[in-house]
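Note that ligands are numbered from 1 as they come in the structure, with each ligand's atoms numbered from 1 the same way.
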Amino acid sequence: EQRSYWNGGKFVKYDGFWIPLEILRPTLSTQKYFKAKDSDIILASFPKSGTTWLKALTFSIANRNIYATIDQNPLLITHPQEVVPCLEFNLYLNKENPDLQHFSNPRIFSTHIPFKSLPDSIRESECKIIYVCRNPLDQFISERQFVLENKIQNDTVLPLKLEESFDMFCQGIQVTGPVWDHTLGYWNVYLKNPEKVLFLKYEDLKHDITFYLKKIAEFLGCPFSLEEENQGVTEQISKLCSFENLKNLDVNKTGYFTGVMKNSSFFRKGEVGDWTNYLTPAMAERFKNIMESKMEGSEKDAVPLE
Ligand code: A3P
């Protein structure tokens, strides 16, 4: 099944999820060729839900013993999208079977692929998955602004009006949508096996980053020692990875990621509730009703909806 999507390209439905046509081949290659190691860390998310932040945090936590001081952290000179590459939108985008030998352990990759379509080795190995989700209304606005900012659109087709793209959003037609099925896929595994999946919410990270830094470290089997806490390691990492800090680093202000996305476009506003500046209460209500009917009661715990 194919549908036009608002940048003039095509979405295809694969395994029950909508993906841009050009991501189908890289998704299939990832499924076929990516072999997870037990020590791998996979950062999974619905696009525009805080992946970049999670990349910076996880990389800094997992590699903190490699750098004698925080000044040596590669994030100071490398964009988080490069430090932790995405499987299907980056590594497998132009290569069917890229060589991943040069990644040192623990390897950290991101993906937007729904849980059920992940390569078998990710689901069956001991590797860890961290999933981040976000209020879908904020996610929708973030994605729309991202596409407008990057002009990811066919020159001959004007971007859809807000109302039209919102209508598609309500039908679940988005990159790796529907969002309810994407989130439920990871949520259900987290409920059954919290050692395999850590389920995070963008809003919670905004509320108490120190708590979640520790939680991520524990989940990865490298908890912060008392000595580290006394030395202020958690504060250093949360500060380095903060929106204001990352946004203002030279490396994140200029240049492009995979040729089409501005490095700066991954750092827009970084706030909770920006949807209220774009969507009417009636639109929000419409979406919430859909979400509630699709999530079978799980939405109250799984998805921030306010
Ligand atoms: P906004 O567009 O609402 O500002 P992703 O990384 O999954 O593409 O998500 C991008 C969203 O996360 C954008 O949201 C971006 O500004 C926000 N973001 C990026 N880095 C962040 C950080 N360090 N802290 C908080 N939010 C961040």
Side-chain angles (χ1 to χ4, degrees), residues 20 23 42-61 70 73 75-76 78-90 108-114 130-150 152 162 165 169 174-177 179 182-183 186 199-213 216 234-249 251-253 256-258 260-279 303-304 306:
I23 299 300
I42 306 295
L43 308 181
S45 64
F46 201 72
K48 313 321 290 176
S49 298
T51 327
T52 313
W53 192 11
L54 183 62
K55 287 181 183 199
L57 293 166
T58 307
F59 177 84
S60 302
I61 293 168
I70 200 91
N73 191 312
L75 284 165
L76 291 167
T78 319
H79 196 283
Q81 298 296 339
E82 307 270 354
V83 171
V84 178
C86 182
L87 294 171
E88 74 282 10
F89 276 87
N90 186 348
I108 314 176
F109 302 112
S110 74
T111 186
H112 298 309
I113 296 177
I130 307 180
Y131 185 78
V132 64
C133 76
R134 185 182 192 186
N135 181 337
L137 298 171
D138 277 342
Q139 179 279 332
F140 168 72
I141 292 301
S142 181
E143 182 163 296
R144 183 169 169 84
Q145 298 306 112
F146 184 79
V147 173
L148 290 174
E149 169 71 12
N150 287 304
I152 306 178
L162 179 66
S165 62
F169 167 66
Q174 258 188 305
V175 179
T176 68
V179 62
H182 198 280
T183 307
Y186 285 91
F199 193 95
L200 300 174
K201 298 174 196 168
Y202 181 89
E203 291 73 9
D204 290 343
L205 297 181
K206 288 287 289 187
H207 182 66
D208 189 350
I209 189 61
T210 310
F211 178 82
Y212 287 99
L213 261 182
I216 293 170
T234 46
E235 281 90 56
Q236 285 172 357
I237 294 179
S238 60
K239 230 165 142 187
L240 173 74
C241 301
S242 71
F243 177 78
E244 290 71 24
N245 188 60
L246 290 181
K247 184 184 173 74
N248 290 311
L249 290 174
V251 60
N252 297 332
K253 278 193 202 159
Y256 284 81
F257 175 66
T258 64
V260 285
M261 299 170 237
K262 291 180 194 164
N263 279 338
S264 60
S265 66
F266 289 91
F267 307 95
R268 190 183 64 95
K269 231 172 175 181
E271 285 173 9
V272 172
D274 191 38
W275 68 264
T276 53
N277 295 316
Y278 296 87
L279 304 173
V303 183
E306 292 313 315

Applied to residues 267-277, the salt bridge (Lys or Arg N to Asp or Glu O under 4.0 Å) test, sequence neighbours excluded, yields Arg268-Asp274, Lys269-Asp274
Are the ring centres of Phe46 and Tyr131 closer than 6.0 Å? no
For Gln139, all residues meeting side-chain hydrogen bond (donor to acceptor under 3.5 Å, both in side chains), sequence neighbours excluded: Glu143, Gln174
Anything under 3.5 Å between an N or O on ligand 1 and a protein N or O? List each pair with its distance, or write none.
{"unit_1": "ligand 1", "atom_1": "2 (O)", "unit_2": "Ser142", "atom_2": "OG", "d": "2.6"}
{"unit_1": "ligand 1", "atom_1": "2 (O)", "unit_2": "Arg268", "atom_2": "NE", "d": "2.7"}
{"unit_1": "ligand 1", "atom_1": "2 (O)", "unit_2": "Arg268", "atom_2": "NH2", "d": "3.4"}
{"unit_1": "ligand 1", "atom_1": "3 (O)", "unit_2": "Arg134", "atom_2": "NH1", "d": "3.4"}
{"unit_1": "ligand 1", "atom_1": "3 (O)", "unit_2": "Arg134", "atom_2": "NH2", "d": "2.9"}
{"unit_1": "ligand 1", "atom_1": "3 (O)", "unit_2": "Arg268", "atom_2": "NH2", "d": "3.1"}
{"unit_1": "ligand 1", "atom_1": "4 (O)", "unit_2": "Lys269", "atom_2": "N", "d": "2.6"}
{"unit_1": "ligand 1", "atom_1": "4 (O)", "unit_2": "Gly270", "atom_2": "N", "d": "2.7"}
{"unit_1": "ligand 1", "atom_1": "6 (O)", "unit_2": "Thr51", "atom_2": "N", "d": "3.2"}
{"unit_1": "ligand 1", "atom_1": "6 (O)", "unit_2": "Thr52", "atom_2": "N", "d": "2.7"}
{"unit_1": "ligand 1", "atom_1": "6 (O)", "unit_2": "Thr52", "atom_2": "OG1", "d": "2.5"}
{"unit_1": "ligand 1", "atom_1": "7 (O)", "unit_2": "Lys48", "atom_2": "N", "d": "3.2"}
{"unit_1": "ligand 1", "atom_1": "7 (O)", "unit_2": "Ser49", "atom_2": "N", "d": "3.0"}
{"unit_1": "ligand 1", "atom_1": "7 (O)", "unit_2": "Gly50", "atom_2": "N", "d": "3.1"}
{"unit_1": "ligand 1", "atom_1": "7 (O)", "unit_2": "Thr51", "atom_2": "N", "d": "2.8"}
{"unit_1": "ligand 1", "atom_1": "7 (O)", "unit_2": "Thr51", "atom_2": "OG1", "d": "2.5"}
{"unit_1": "ligand 1", "atom_1": "8 (O)", "unit_2": "Lys48", "atom_2": "NZ", "d": "2.7"}
{"unit_1": "ligand 1", "atom_1": "9 (O)", "unit_2": "Gly50", "atom_2": "N", "d": "3.3"}
{"unit_1": "ligand 1", "atom_1": "14 (O)", "unit_2": "Arg134", "atom_2": "NH1", "d": "3.2"}
{"unit_1": "ligand 1", "atom_1": "14 (O)", "unit_2": "Ser142", "atom_2": "OG", "d": "3.4"}
{"unit_1": "ligand 1", "atom_1": "16 (O)", "unit_2": "Arg268", "atom_2": "N", "d": "3.0"}
{"unit_1": "ligand 1", "atom_1": "16 (O)", "unit_2": "Gly270", "atom_2": "N", "d": "3.4"}
{"unit_1": "ligand 1", "atom_1": "23 (N)", "unit_2": "Cys241", "atom_2": "O", "d": "2.9"}
{"unit_1": "ligand 1", "atom_1": "23 (N)", "unit_2": "Phe243", "atom_2": "N", "d": "3.3"}
{"unit_1": "ligand 1", "atom_1": "26 (N)", "unit_2": "Tyr202", "atom_2": "OH", "d": "2.7"}

Does NZ belonging to Lys253 count more than 12 external heavy atoms closer than 6.0 Å? yes
Residues Pro85 and Asn90: closest non-hydrogen pair is CB-ND2, 3.6 Å
Output all residues satisfying side-chain hydrogen bond (donor to acceptor under 3.5 Å, both in side chains) with Lys262, sequence neighbours left out; order by chain, then residue number. Glu149
